[in-house]
S.K.: 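Please find one structure pasted underneath; my questions will follow.
Throughout, residue positions are numbered sequentially from 1 according to the sequence presented. When a ligand or atom number is given, it counts from 1 through the structure's own listing order. Small disclaimer: the values here were computed from a predicted structure and weren't measured. Heavy-atom basis, side chains included; hydrogens, waters and symmetry copies ignored.
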Amino acid sequence: MVLEITQIGNPVLRDICVEVPKDRLLDEDFQAFVDDLIETKRHANGAGIAAPQVGEPWRIFVVEVKDNPRYPYKPEAVLTVCINPKITFLTKERYDNYEGCLSIPDLRGKVPRCPLIRVEALDRNGKKFTREVKGITAGTFQHENDHLDGILFPDRVTDYHSLSTWAEFKLRQEDGVRTSVEAIVAKWGE
Ligand code: ZN
């Protein structure tokens with residue numbers, strides 16, 4: 001089922017989300033919620049989505065990038081469900097990630113992100129996994145993980161002149177961003 005996406009101004013987007021209890025995780029209704037989250041992300045062409053974006057303050061997000069019309073220059077990222085995740089930065093380096101958000105219509109901006117992170121989380125079956133995530137995909141994971149702490153990408157924009165509508169971005173920024181994304185992928189992978 002495609003769920004309604006909450007929009008900036010809705011207080012649920014500012015909640016500190018709560019951990020999903022392990023016994024709750026395997027419930028049929030929670031598993032159905034995970035399916036709905038994935039379906040909603042795909043329907044809206046998001047690179048990722050977090051539970052508060054559909055009104056549920058749980059610590060769960062989903063990342064997946066494949067032939068994405070919103071982000072045609074983003075490298076593909078396999079579907080990953082992260083429950084109760086913990087992210088550790090593995091380098092002091094940062095790069096500029098040009099972000100948008102399904103909960104913030106028609107706004108994009110540059111956010112400094114760490115290009116090498118470790119993600120520890122439970123998968124949808126409650127199994128713990130650890131994964132290193134690099135480059136542009138690492139930026140997507142940080143964006144989604146921020147949602148679980150009530151942080152939205154404009155909170156992290158340092159260069160306010162980078163704020164742009166999607167049309168202005170396409171017109172003025174996309175070619176340059178494509179080149180810098182290629183450089184980040186060449187350096188960090190993914
Ligand atoms: Zn978002």
S.K.: Applying salt bridge (charged side-chain N to carboxylate O under 4.0 Å, His left out) as the test, list every pair that has at least one member in residues 137-158; sequence neighbours left out.
M.R.: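 Non-adjacent pairs meeting salt bridge (charged side-chain N to carboxylate O under 4.0 Å, His left out): R14-D155, R59-D149, R113-D146, D146-R156.
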
S.K.: What count do you get for protein N/O/S atoms less than 2.8 Å from the Zn ion (ligand 1)?
M.R.: 3

S.K.: Is the distance between the ring centroids of Y71 and W166 under 6.0 Å?
M.R.: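 Ring centres of Y71 and W166 closer than 6.0 Å.
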
S.K.: Only pairs at least two apart or in different chains count here, so list each salt bridge (charged side-chain N to carboxylate O under 4.0 Å, His left out) that has a residue in residues 158-173.
M.R.: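 Qualifying pairs: E168-R172, K170-E174.
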
S.K.: With side-chain hydrogen bond (donor to acceptor under 3.5 Å, both in side chains) as the test, would you mind laying out the steps for K74 and T140 before giving the verdict?
M.R.: CA-CA 10 Å; K74 270 201 188 202; T140 306; 3.0 Å; yes

S.K.: Just checking, is any N or O donor in the side chain of Q53 or S103 under 3.5 Å from an acceptor N or O on the other one?
M.R.: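 Q53 vs S103: donor-acceptor pair found between side chains.
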
S.K.: Check ring-ring contact (aromatic ring centres under 6.0 Å, His included) between Y95 and all other residues, then give those that pass, not counting sequence neighbours.
M.R.: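 If we apply the ring-ring contact (aromatic ring centres under 6.0 Å, His included) test to Y95, skipping adjacent residues, there are no hits.
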
